[in-house]
Amino acid sequence: MIKTPLCLLVVACLAAGCAPLAPTPPAPIEINLVALNDFHGHLEASKFVYTSARDGKENTIMAGGIDNLAAALQAFRLEDKDLVLVGAGDLVGGTPAMSSMWADEPSIVALSMLGMKFSSVGNHEFDLGRAELLRKQHGGCQGEPGGKACKLAPDFRGAAFTYLGANVIDKVTGKPLLPAFSIEQVKGVKVAFIGAVLKNTPSVVLASSIEGLAFTDEADAINAALVQARAQGASVFVVLIHEGGNTTEPFDQADCTELKGPVVGIAERLDPAIRLVISGHSHSGFQCKAGGRTITQAQMGGHVLSRIKLSIDPASGSVRDVVVRNVAVRPGEYPADPKVAGYLAAVKAQSSAALARPVARVAQRSTARRMNDAGESALGNLVADAVVDATRAEGVQVGFMNMGGLRSDFDVSENLVATFGQAQAVLPFSNTLVVMDMTGAQLRAVLEQQWLRASGRAMLQVSRSLYYQWDNARPDGQRVVPGSVRINGAPLDDARTYKVVANNFLAEGGDGYPAFRQAANKADTRILDLEALIGYLARNQPGAAGAALAAPALPSARIERVN
């Protein structure tokens, strides 16, 4: 066989006009992120009800918990030591007792131990005011309004991660209260994380907690921060925003397409360089394509982690592709992280006596928050009746409870004895009960505002003394069926004054119910909603003479939907 020299082949190829071989493009740089949102101080695993894309069936498991989150992250970091953990707000606030009884310090410490780098601020970070938010960021023992600071450990050092909020503006200085963004260099790429919170934060936080602060348009603030981050050399931009949406698709449905809600409209107005939006607030799980980019959310309570892979063009530093996988965090799935597991055990040991204190025997193991088609829930009924019962001596006739204030189902152990910790998980905000005078016309306005809220319909839970019908075919603002409203069986009289009770958040017009602001003769009883619930349960234990069922299995007909 005659071999042709390589040089002769090259000459022949050039003579024939062959095109030179194109250089192989460099492989993309892979940057791995993990995101969570709305942790709400769930230090322990809790119930997670979900539908999986795999089989379309509803499943109920225990998921989350800082020990299991730490185990998962430890395993993920074996795959990529440069992994970045980020959050999308409401890491604290509305927390179970094991966190809230210690001013949420164990949650801040635990998330720092997990290696979180950045999180957008959420509306619940403002529950106790800006000073307490800044204390949680920077540490210290002064100023926490509940007197709980530094009781778990004497030297609270604050978060090792950075809260971001491009659209939270101090009205005096005109500058952001928190950093708008932060740049992290990952595998040689400068990644800017830009934080924002819903501009409607004033509607879901006590006015006194955000005095002196303005919450500006989310997209405008993010785009302005991007310009500054780009000037500092960032080429990849990731948005962490505490605002969300919802879809009927499963939490783990790849590239879901049915996402709706405020975050979609915000995303559509963002700079095209932003390819990834990590969201929160709506407590939904999704990994969707919308507004020309990927939008994710990891449900809530640490039940789910969003595993995100960014493919970066090494030449331009820009994002080529985004791949997201939402994964449930199951106990025992990965080898334990001894340090975090040990911290959880220590916090549980210090908290156990208070949490385990029995408060009442109840009728069943679980009383659910889930609403029926009319907007009623068994748990909402229970709490609304409890607040009326606690203020009956004040002449109260009607009680209201907002669904956002009910943070978990009321679940008890097999012996049907409810503990303080289980009750506190339902009502963790330490809201007080406010008694006030409202006319029938004002009460009717409150009911109509259920469909006029900026964030969409959210039905108020009502005491058994109130009954009404609503018609889904009627326009917003006119949904209540004329003549259907009854108080203690009598038709509502627009001109009559009624004695009403609600928590202090609603009484200030919070959650999108400004009609409560018009009430007269407001008196804060200083009775905590949690105290009202526990007292009601104790007085209505099954078997007690004349007791009402303490935890009804199904909603009674207080609200009826016509269409």
Side-chain angles (χ1 to χ4, degrees), residues 36 38-44 64-71 73-74 77 84-87 89-122 124-165 168 170 177-179 182 184 193 195 209 301-302 336-357 420-421 424-425 428-430:
L36 61 78
D38 299 276
F39 179 65
H40 288 294
H42 280 65
L43 299 172
E44 296 184 283
I66 60 168
D67 49 345
N68 302 310
L69 289 167
L73 288 162
Q74 180 177 251
R77 288 185 173 116
V84 181
L85 174 64
V86 296
D90 277 9
L91 305 181
V92 295
T95 53
M98 194 163 68
S99 181
S100 65
M101 68 189 293
W102 307 114
D104 281 332
E105 290 171 7
S107 292
I108 296 293
V109 171
L111 291 166
S112 298
M113 292 175 73
L114 295 182
M116 179 168 281
K117 293 292 294 184
F118 311 106
S119 176
S120 67
V121 70
H124 281 291
E125 268 83 11
F126 292 96
D127 282 346
L128 298 178
R130 76 158 86 182
E132 176 60 9
L133 166 59
L134 295 176
R135 188 188 76 87
K136 287 187 169 72
Q137 177 70 88
H138 302 299
C141 301
Q142 302 300 315
E144 191 275 321
K148 305 171 186 176
C150 298
K151 295 296 192 293
L152 180 67
D155 58 342
F156 176 62
R157 299 180 181 180
F161 56 89
T162 302
Y163 274 120
L164 305 172
V168 184
D170 186 314
L177 175 70
L178 304 160
S182 189
E184 182 81 357
F193 295 89
S209 295
D337 178 324
K339 187 176 180 181
V340 176
Y343 181 72
L344 176 60
V347 175
K348 288 174 69 173
Q350 283 189 254
S351 311
S352 59
L355 297 177
R357 176 170 61 88
F420 172 81
Q424 195 274 347
F429 291 114
S430 298

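Treat the numbers as computed from the prediction; the structure is a model and nothing was measured.
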Tell me every residue that passes side chain to side chain contact (heavy atoms under 4.5 Å, CB included) with Pro96, counting only those two or more places apart in sequence or in another chain. His42

Under 3.5 Å, is there a donor-acceptor pair between the side chain of Ser119 and the main chain of Gly89? yes

Is any side-chain heavy atom of Ser100 less than 4.5 Å from a side-chain heavy atom of Phe429? no

Taking side chain to side chain contact (heavy atoms under 4.5 Å, CB included) as the test, write out the residues that go with Pro338, two or more places apart. none

Measuring only between side-chain heavy atoms, which start at C-beta, is Phe39 closer than 4.5 Å to Leu114? no

Between Lys136 and Glu125, does any side-chain N to carboxylate O distance fall below 4.0 Å? no

Holding to ring-ring contact (aromatic ring centres under 6.0 Å, His included), I want the full list of residues that pass it with Phe161, two or more places apart in sequence or in another chain. Tyr163

Tell me which pairs pass salt bridge (Lys or Arg N to Asp or Glu O under 4.0 Å) where either residue lies in residues 336-346, with sequence neighbours left out. none

Is any side-chain heavy atom of Leu152 closer than 4.5 Å to a side-chain heavy atom of Val109? no

So which of Lys148, Arg157, Arg135 actually passes salt bridge (Lys or Arg N to Asp or Glu O under 4.0 Å) with Glu105? Arg135

Residue set satisfying ring-ring contact (aromatic ring centres under 6.0 Å, His included) with His40, at least two apart, ordered chain then number -> His124, His283

Partners meeting side chain to side chain contact (heavy atoms under 4.5 Å, CB included) with Met98 (sequence neighbours left out): Leu43, Glu44, Leu344, Val347, Lys348, Ser351, Leu355

